[in-house]
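What follows is a single structure, written as structure tokens, with notes after it.
Please read these numbers as outputs of a predicted model, since none were measured by experiment. Basis for what follows: all heavy atoms, side chains included, without hydrogens, waters or symmetry-related copies. A, B, ... follow the sequence lines: proteins, then strands. Residue 1 opens every chain.
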Amino acid sequence: MILPTAPQMPTDVLRSLGILVLLVAAYFCAGQLGLSASLVGKQVSLIWPPTGIATAAVLLLGLGAWPILALASFLTSFATGAPVAFALATALGNPLQAVTARILLNSTGPFDPALGRVSDVTSFAVLAVGISPIVSTTVGTAGLCLTGVAPWAEYLAIWPVWLVGDAMGVLLVAPVLLTSFAGRSPFRVRRRTEGTVLLLCLLLVGASIYGGLIPRDIARPLSYFGFPLVIWAAARFGPRGAAVATVIVAAAAVSGTVTGNGPFAGNDLTANLFYLHGFLSALTIVALMLAAALEERAESRAALQAAHGALEERVAERTMELRGANSALRAEVIERQRIEEALQESKARLRRILESTTDSVYVLDAEWRFAYLNERAKALLSEGRELLGTTVWEAFPDAVDGPIWHSFHEAMVNQAPTSFETFYQRFGNWYEVHVYPSEDGLTVFYRNISERKRAAEALRRSDEHLARAQRAAAIGTWEWDATAGAVTWSPETYRLFGVSPETFVPKREAVLALVPEEDRAAACRIGDMVLLGQIPTPSDVALDHRVMLPGGEVRVLRREGGAVLDPEGRPTGLIGTIQDVTAQRQARERLRESEQRYRLAARAARCAVYEWDPRADRVEYAGSTENLFGYTAQDIGSAAGWWKDRLHPSDRARTIRSLEAAFTQGAEFWDAEYRFRRADGTYAMVHDRAYTAYDAGGVPIRMIGAKLDITDRKDIEQELRVSATHLARAQQFASLGSFEYDADSGEVHWSDETYRIFGVAPESFTPTIASVWSRLHPEDRDKVDNPVDLIRRRRPSLSELSCDYRVVRPDGEVRLLHRECDLVFDDVGKIISVIGTLQDVTEIRAAERERRELEAQLLQAQKMEALGTLAGGIAHDLNNALVPILVLTDLTMSKLPEESSERTHLEVVLQGAERARSLVQQILAFARKDQAQIQRLDLGETVCEALRLLRAIVPSSIRFEEACEAVPPVLGDATQLQQALFNLITNAAHAIGDRCGTIRVELGMVEDEGLAPGGLRKRFVHLAVSDTGCGMDEPTLQRIFEPFFTTKQIGQGTGLGLSIVHGIVTRHGGRIEAASQPGDGTQFDIFLPALTGEPYEKDAVA
Amino acid sequence: MTKQILVIDDDALARITVEQVLASTCYRVTCAADGEEGIRLFRSLHPDLVIADLIMPIREGIETILEMKREQPQVTIIAMSGGGRLGTPDILKMARQLGADYTIAKPFRSDELTAIVRQSLARNV
């Protein structure tokens, strides 16, 4: 750490000030601490820590620190109440000691205040601890005596104590500061746990052994226990650890000794002092030495390692260099190989070129014999023969007297080189032959030119195709050479003029003769220009003129072309094309007419057509803007802004935004609806539709559109919407949906309510015949005609058009629908659609059925009542009538002899009368209605009681089965119910007759399917009587409850039994049902309302 | 002393039949064709037993029975009926509750009639 002696920066000043304050404060505090262990007055201390601080300060900060130290020393002494003179003496002596220590230490060589070397520790121990305190001691003790604090006589006694105090201050305090601030590693504790354990041990040992916690006699032999701990600190935590550890031990020992405790107390003061200081010196020096030695060893090991590392690095570098050299060598070798290969390749290529030469060469001698052939020639001509020495005509006899033969002979005779092209049949190829004659013979080069020949042929064909294409496109070409006066026409040009190349010579006059009088000037104008030496521009040449064809047809021809110039730039002729544009002309004419018609149509359609060039922002309105919006042509602006200004404020932003979006997206088509201000200030509803053309960069260049006034249509649409809404509501209220089947497209359209009726959503369901019919109840699907069936019938019946059927909704609910529909015909009687309505009649039909049932029940009740009245009257009169019959027959019989035939006859009369009496009793029972003794009763008991009786009556061939559950109570008349059961079982027994059979009686509970008022389920007690008897057919079953209806023989039944049962059950508020199949027995089910809320033994409903 | 029996019935056949049977078993039988006549005879004859039909014109049987019982509570009355018309409860049961001592339903056998007549007359002894 360096003290900035000449601070230059404000921060340095601050830092120096900080150090100053800290130093003075530390010195002062250390002084106070030292004085607490003072021996002589308040001036001489057992141990004087400020000396250590001063020494460390000068060693760390430099000699410049001494004024601060002087100040600190003065303040410390002055604070003890010492005389100012003494304080000045210490202010001189104490810093002098520190300065002396620094000078001495630096004189022996470089001193490292970190105390990391044994030599530094040795110098420190000898010079700083041993010698430098002599200065401060001598000055201080003298000051003490001079100022009269101590008498001169004690000078020699105080001096050694002062010296030892100062020396110990240096020895103990300075190392801590030096190692802390000059240490190599930054100040932080590694091995935190170990440090903590060590610290605890130090504190424990310090407090117990040196601090006096244990008795002195025990502590004294243990006083060397400080060593292992201090050595531990030195070994593991270096000089810094050693210094701190010794300070802790010293602090404990000093405080112990001062308070008269610990191993060093107990003797006289001086002895104590020397024991203590002897121990602390040894401890501190050993610890510092050991730490320094270890530090040095660690350093030398690190240096060794660094050296080792450097060596290895060097080796690695050298290795790399070698490797680099090696690879460079290898690269060179490879390069050499590559060059050699390239050389080889080059030679090979040359060879291949030489080998693949196409020219063949051979030499003939004067006798036509082959004298030399190159490889090509050999390969071509030899055909496996040895040609050298043979004559060419022997080898190729087919060439004799051919073109080759003649050419060769000619060349030989003339001794002139010749070339020709020939097709040699033998090889099937064209050859270009160069013949060089000499006196010795001929040298012949030849080359196969078949490919070139074929290309030439292809070119010729291509020309022909061009001519044909010209003909097809009705484009001819022409050329006029003014200097030669020659005109060349392509075949198509002749055709266009309607003349034949064989008979017509395209001379100026001849051509003009074909052109109508009025076009002639135009037609010959450019020719005249050329003749006058003027150069016609392409626009001069481009002209249309008519020709009169020989057949009388008039054709419009268009000429285009340019001048032909000689090297001096003078026009020498013209060249160009000619085209028949008659059709184009006609098309253009038609287009013009069409446009005119369109304009008229646009006017009629209340439509303003416009064309807008967005780049130039020019708008042209072609239609009837004035008619539509009331603007005159002068009013209408030519920029788009005029249009934008007249948009309704609420629509403006939206419309312009959509237009810009269309442009950005490069959309070809744009349409929008907006309100547009008319000249009179009102707004028209406008439907604007436009097409936009873009350039290659996507910039809109042209927009053509139409603004259509749809104000009226919008009103109608609004009305239609309202009407449709009303219709939809009406359909919803009536549960009435509508549908339409389009015969042409096969599409089915539904109203919203129809979707609701089918329980489907318009978003997820598309009605088609197939999809709709798949929703029908499977049983109804084939019974109902679909629209296609109806159309096929052409004249469907009313029942086919209107019918009921069931549909199954997606959730499984079945709805009953009523359909009314009709066919729609067009003017010519073709069926165009089927339209109709669908009504959800589920509830209506259910209500109708209920009403019918109620009516039937009422009718039945009325019938029964009428019968009851009748029966009552008849019974009364019959009973009266029977009185004399029965009584007087009895009377008469009693007066007749036992065996008389009269008596026997009267017996029969009695039997008849008895039967009549029985009949009347039954009729009365039937008619008797309000005798019921209604009470709460358990039907189980009632039934059991009746069955006990009945078992005795029913024949033993019939088996009884009972299955009676506990049931809730009912309100009823036990006698009547027993009567009902009695009647049912009697009937069952009759149905079984003499055969064996079973009658089964069951009692249980059921819940009604419907909900009773108040949301409660209605519970019924169910009494069932079934038999295995003969059963009955459906018509019989329909009538069994009618009074006097019987299937039994006359005299066996009254026909009232089941009527009575029916009456009883009905009067109990219950219902009775019968089910039967002939031969399978019959079952009667009686349902009586259970008393709700009443507990019963077992809840059968579970 | 021969017992006096008053038979009141609007049905002539029934009336004659009852008279015949009872006369043959040694009772004195007087007949009335309706309630009014029955009451008149009842007052003059003081019969031991009255056999009265219940549903009769002019004066109803039950009314007649009530009248007779009021005038002469100790008289024995047999109510006789061929059954009620619609809506009437068991008319014989009603008659019994209103004063008739015995009831007999038409039609009946001769021994049924003689048995109940004998039983009712024995009551008075």
Quick check: do [X] and [Y] have side-chain heavy atoms less than 4.5 Å from each other?
X: Leu888(A); Y: Gln20(B); answer: yes
X: Ser24(B); Y: Leu891(A); answer: yes
X: Val18(B); Y: Val887(A); answer: no
X: Arg917(A); Y: Lys106(B); answer: no

Checklist entry - Are more than 12 heavy atoms from other residues, nucleotides or ligands located less than 6.0 Å from atom CD of Glu855(A)? => result yes

Item to check | CG-CZ distance between Leu910(A) and Arg109(B), expressed to the nearest 0.5 angstrom | outcome: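 If I round to the nearest 0.5 Å, the distance is 4.5 Å.
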
Checklist entry - Heavy-atom distance under 4.5 Å to chain B: side chain of Leu878(A), backbone, both or neither? => result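 The answer is neither part of Leu878(A).
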
Checklist entry - Who wins among Ile885(A), Asn880(A), Thr889(A), Leu882(A) for the most heavy-atom pairs under 4.5 Å with chain B? => result Asn880(A)

Next on the checklist: Let's go through Asp111(B) and Asp890(A) carefully: what are the C-alpha distance in whole Å and the side-chain angles of both, what is the deciding distance for side-chain contact (heavy atoms from CB on, under 4.5 Å) to 0.1 Å, and is it a yes or a no?
Outcome noted: CA-CA 8 Å; Asp111(B) 48 354; Asp890(A) 274 341; 4.3 Å; yes

Item to check | Pair Leu886(A)-Phe108(B), side-chain contact (heavy atoms from CB on, under 4.5 Å): steps then yes or no | outcome: CA-CA 7 Å; Leu886(A) 281 168; Phe108(B) 40 77; over 6 Å; no

